[in-house]
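Reminder, nothing fancy here: chain letters follow the sequence lines and each chain counts from 1.
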Amino acid sequence: MELSEIVIQTLNGISYGLLLFLLAAGLSLIFGLMGIINLAHGSYYTLGAYVGLVIIQMTGNFFVGLMGAAVVLALLGIVMERFFFRKLYKRELDQVLLTFGFAYLFMDINKWIWGGVPRSLPKPTFLEGSISILGEAFPIYRFGIIVIGLGIAVLLWLFLEKTRTGVIIRAGVDDKEMVSGLGINIKLYFSGIFALGAFLAAIGGVIGGPIIGAYPGLDFEILVLALAVVVVGGLGTLKGAFWGSLLIGFAETFGKAIFPDFAMFTIYVTMALILIFKPSGLLGKEES
Amino acid sequence: MRKRRYLAKIGILFLSVLLVFSGIGCGTQVDNSKDPIKVGLLVPYTGVFTSNGVDITRGVELYLNEVGYKAGGRDIKLIKEDSQMDGQVGLQKTRRLVESEKINILAGVVSSTVAYAIRDYVVANKVPFIISNAGACDLTREKGSEYIFRVSFSNGQYEYPEGNYVYNKLNVRKVVVMAPDYAAGHEKADGFMAGFKAQGGQIVQEIYPKLGTTDYGPYLTQIKNADAVWVHFSAADSIKFVKQYAEYGLKNKLPLLSSGDLVDESSLLGQGDSAIGIISALHYSAALTNPENQKFVKDYTAKYGEGPNMFAEQGYVTAKVIVKGIEAAGGKVSDSKLLLDSIRKVQFDAPRGPFKFDAKTQNVIFNTYIRKTEKINGKLVNTVVETIPNTADDWYKGK
């Protein structure tokens with residue numbers, strides 16, 4: 001591979017990885033705090049893309065659509081937690097089954113409202129086109145993804161490390177009983193973390209929209225990738241989700257570049273190797 | 001005495017029950033011209049390819065409406081089933097259609113997997129089967145049967161002449177080929193490459209990404225040293241690919257050539273201006289100007305509020321083949337030899353242009369249209385730039 005191609009593929013890998021990070025961060029935090037894998041997480045992503053499309057068509061502004069979809073999905077996350085998951089408190093298996101049910105429900109609702117025809121989101125005009133790096137073209141929009149993805153990663157990190165809420169969430173991931181013992185009502189934070197997860201997934205859906213679009217079946221396609229990320233990165237930590245996303249992004253991108261015929265294979269080999277040598281993931285919490 | 005009378009009563013009852021049942025049995029054998037002719041339509045109404053199933057159904061119903069659900073003096077009853085794009089489900093639904101509904105003709109099927117799964121059952125039960133889409137070549141070659149007809153295409157059928165066209169008319173010499181890694185992707189790519197290489201063209205690279213790939217960026221970065229890129233992608237993949245192709249600045253550097261599926265009328269809206277300039281080959285374009293197509297587009301748009309695509313046209317032609325076949329057989333659908341002969345000889349002017357079957361394979365012979373995607377009056381359309389008449393599925397014989 002030439003230098004220019006390595007540079008472009010690296011940028012491809014970073015932008016793809018950061019898109020996955022938006023999805024995996026929420027998935028990982030919900031697991032960390034509540035102990036459930038939210039199988040409806042891909043639906044948040046897809047629903048976010050659809051809602052974003054509707055708002056962009058109404059307002060003509062990409063960023064209004066981005067924030068609008070994120071807020072709508074955050075509200076949906078709160079409703080789901082408050083009226084469904086809370087009723088099954090401490091029954092993790094039932095909760096996971098419920099998320100699975102929701103995934104199918106959302107899939108059919110999407111198809112009912114938006115039909116089977118694949119949709120695509122418009123880009124903000126100032127991110128149209130491509131620029132030349134060492135003689136190779138790279139889309140400006142993907143730089144946009146890198147900037148937004150990194151920005152959100154930093155904000156999330158500040159939130160979890162520097163705010164009181166963040167500290168409580170991290171403590172809850174480590175030991176729920178102890179946090180409750182300190183007089184903090186940890187259950188109140190469950191709604192918040194669901195909202196945050198859905199918020200981030202919707203941002204991912206809208207940002208990915210101009211490249212990937214929105215169509216029936218996308219929810220499960222994207223869920224598989226997010227699950228691969230959390231397996232590799234380790235569940236329950238932001239750092240794990242971040243490095244896991246980049247690793248999977250690179251594995252898939254360079255897999256496609258070096259072995260075009262076996263791209264998916266590189267993701268699963270990465271997963272298998274991590275599971276053999278570090279079963280809890282790169283930066284996952286060890287089971288106590 | 002009493003006992004005897006009792007026995008006689010039971011005997012009469014038994015006999016009458018037997019008669020009733022054999023009567024029902026006879027009903028399927030003997031034509032009762034008052035009964036409607038039952039046509040089963042098996043297409044996906046759930047899953048990723050739902051829109052194709054819906055489009056085909058709309059086309060079928062549009063034509064049946066035109067003829068008032070009548071053919072050869074008999075009523076036609078359409079019974080729809082959801083294949084769910086699954087071979088096992090498709091077979092189960094086909095059994096139900098044949099055994100419970102007692103259909104006379106089966107039509108539809110989008111996926112070749114479903115077509116292969118039901119093929120042996122349909123042939124064993126002697127049900128005439130009109131394929132509305134599934135393109136796997138062998139369905140009308142090695143796995144062909146006098147009961148199987150195909151109105152859509154065999155994979156490679158319109159791609160082969162396209163290979164010829166781009167070499168001779170567009171002076172393309174070196175091509176990168178990309179298609180999804182499943183049977184239809186490979187068969188379509190093989191068709192194009194055979195046609196292109198037969199003229200002396202050179203394939204510099206073949207790439208087969210996974211069906212449903214989300215990010216084509218890493219593949220697009222590799223494309224080099226070619227005059228053009230030929231691809232086959234459909235549905236959601238076609239939108240992602242076309243947009244990303246433009247995003248990586250390739251649109252203005254290397255002409256994009258494709259099977260017509262890439263720029264299906266239902267995908268153009270999502271692709272937007274990225275699709276302008278794509279050269280594609282197909283047996284149909286909604287932009288055709290023959291009177292049959294103008295009427296079809298007008299009626300279809302009036303009924304459904306959006307224009308037709310290849311799937312809708314294939315549904316329309318499926319229904320017309322069935323109706324014309326039944327008419328030629330004088331409504332005698334139980335005479336299976338007569339019905340099959342009648343269907344085989346059906347010929348008419350369809351929205352796509354002249355329609356007929358290849359008498360040997362029972363696969364369609366059509367015009368291949370080379371189209372160019374253009375924006376006319378703010379709307380993206382596939383303008384026909386060249387017509388290659390009488391394309392049969394016979395290219396593989398010369399290989």
Side-chain angles (χ1 to χ4, degrees), chain A residues 1-2 4-9 11-13 15-16 19-20 53 107-108 111 115-123 127-132 136-142 208 210-218 220-222 225 249-250 252-258 260-265, chain B residues 44-55 85 176 178 181 205-224 234-253 264-275 306 309:
Chain A
M1 232 190 282
E2 294 160 39
S4 58
E5 202 182 331
I6 293 175
V7 171
I8 298 288
Q9 297 292 21
L11 289 170
N12 279 334
S15 64
Y16 191 59
L19 191 62
L20 292 179
L53 177 64
M107 190 164 82
D108 273 343
K111 207 155 64 194
V117 177
R119 307 299 174 103
S120 169
L121 279 69
K123 277 179 215 169
L127 294 177
E128 295 271 3
S130 58
I131 53 163
S132 173
E136 301 261 356
F138 187 74
I140 297 172
Y141 186 75
R142 295 201 182 210
I211 304 175
I212 295 166
Y215 51 89
L218 174 63
F220 286 98
E221 276 173 25
I222 210 88
L225 290 169
F250 274 101
E252 181 160 352
T253 301
F254 280 93
K256 282 171 178 171
I258 299 165
D261 290 342
F262 319 95
M264 285 307 279
F265 159 86
Chain B
Y45 292 119
T46 51
V48 183
F49 291 96
T50 304
S51 65
N52 299 352
V54 171
D55 293 338
M85 285 307 268
V176 174
M178 265 177 100
D181 193 8
Q205 198 180 2
E206 290 173 55
I207 306 173
Y208 298 100
K210 180 179 77 85
L211 188 65
T213 293
T214 40
D215 184 12
Y216 293 94
Y219 298 118
L220 295 171
T221 307
Q222 296 171 47
I223 293 174
K224 275 185 202 83
S234 58
D237 288 358
S238 72
I239 295 184
K240 289 181 279 191
F241 182 84
V242 167
K243 294 205 76 160
Q244 293 175 21
Y245 192 82
E247 227 194 356
Y248 277 82
L250 290 167
K251 183 175 179 291
N252 303 323
K253 253 197 317 204
D264 185 80
E265 280 77 4
S266 65
S267 295
L268 286 176
L269 192 69
Q271 289 163 343
D273 290 355
S274 310
E306 55 186 23
N309 60 1

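Between chain B and the options A:Glu136, A:Gln9, A:Lys123, the largest number of non-hydrogen pairs under 4.5 Å is found for A:Gln9. Of the listed residues B:Asp215, B:Thr214, B:Thr50, the one with more heavy-atom pairs under 4.5 angstrom with chain A than any other is B:Asp215. Ranked by heavy-atom pairs shorter than 4.5 Å toward chain B, the options A:Asp108, A:Ile8, A:Ile211, A:Leu19 are led by A:Ile211. Of the listed residues B:Lys253, B:Gln222, B:Gln271, the one with more heavy-atom pairs under 4.5 angstrom with chain A than any other is B:Gln222. Across A:Met107, A:Lys111, A:Arg119, the residue that shares the most heavy-atom pairs under 4.5 angstrom with chain B is A:Lys111.
Scanning both residues, B:Ala235 and A:Pro118, for their nearest heavy atoms gives C-CG, 3.8 Å. A:Ser120 approaches B:Ile239 most closely through the heavy-atom pair CB-CG2, 3.9 Å. Nearest heavy-atom pair, A:Ala137 versus B:Tyr248, reported as atom, atom and distance to 0.1 Å: CB-O, 3.2 Å. Of all heavy-atom pairs spanning A:Ile212 and B:Lys240, the tightest one is O-CG, 3.1 Å.
Residue B:Leu269 qualifies as open at atom CG: its count of foreign heavy atoms under 6.0 Å is 12 or below.
The part of B:Gln244 that comes within reach of chain A is its side chain, from C-beta onward, which places non-hydrogen atoms under 4.5 angstrom from that chain. Looking at A:Leu225, only its side chain comes within 4.5 Å of chain B, counting heavy atoms on both sides. Within the 4.5 angstrom heavy-atom criterion, only side-chain atoms of B:Lys224, from C-beta onward, approach chain A.
The side chain to side chain contact (heavy atoms under 4.5 Å, CB included) search around B:Pro209 returns B:Met178, B:Ile207, B:Thr213, B:Tyr216, B:Tyr219, B:Phe233, not counting sequence neighbours. With sequence neighbours left out, A:Phe138 forms a ring pair (Phe, Tyr, Trp, His ring centres under 6.0 Å) with A:Phe143.
A:Tyr141 places none of its side-chain heavy atoms less than 4.5 Å from the side chain of B:Lys243.
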